[in-house]
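Protein chains get the first letters and strands the later ones, always in sequence-line order, with residue 1 at the start of each.
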Amino acid sequence: MSARTVRHWLMKNEPDEFGYHHLEQRGRGGWDGVRNYQARNFLREMAIGDLVLFYHSSTQPPGVAGIATVVGTAEPDPTQFDPASPYHDPASDPAAPRWDWVTIAPVRRLRYVTLAELKELPELASSRLLARGNRLSVFPLTAEEFDAVARRADAG
DNA sequence: GCCAACGTTGGC
DNA sequence: GCCAACGTTGGC
């Protein structure tokens, strides 16, 4: 038995670009476009079986749409080498790629939990999710934070 | 559309 | 190494 316990994460995306419904349609998907070193380093810490809250940002209202799980660990994000991609990074050396992605798959859709609801959860009061000025698109949650959101969704 | 917050870039 | 300028994020 592995001693490693499942870790919990939150990942943000704009639903118009890649929302939870897209993940459901495709079955699995590479999480491309992360171009922030701190977020990338979190991607590199992810292990298969880790659980992810899939958050919709820059939409009205923002909120958590579902649960996903990591099915593929970090590997080079191909969009960094694609000149046609908005995520193209000409400074990234193919011999030492700068940016990674992970592959995730849906676990279950949640009743949509809006940001306004998240702000009311005492378990999230000190979470990075609600921290002022937090713009990171990938970051860890505690199991307590993750469970509080799932319970809120299930409570209707 | 506005704006606060933050990361990155580049001149020095 | 500093820091001003600039670009991006993301809620409102």
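- In this structure, Asp32(A) has no side-chain hydrogen bond (donor to acceptor under 3.5 Å, both in side chains) partners at least two apart in sequence or on a different chain.
- Judged as a ring pair (Phe, Tyr, Trp, His ring centres under 6.0 Å), and not counting sequence neighbours, the contacts of Tyr20(A) are Phe54(A).
- Under the rule for a salt bridge (charged side-chain N to carboxylate O under 4.0 Å, His left out), the partners of Arg109(A) that lie at least two apart in sequence or sit in another chain are Glu24(A).
- Here Arg111(A) pairs with Glu117(A) under the salt bridge (charged side-chain N to carboxylate O under 4.0 Å, His left out) rule; sequence neighbours left out.
- For DNA chain C, the contact window with chain A, defined by any atom under 4.0 Å from a protein heavy atom, covers dG7(C) to dC12(C) in 5' to 3' order.
- For Trp99(A), the ring pair (Phe, Tyr, Trp, His ring centres under 6.0 Å) partners at least two apart in sequence or on another chain are Tyr37(A).
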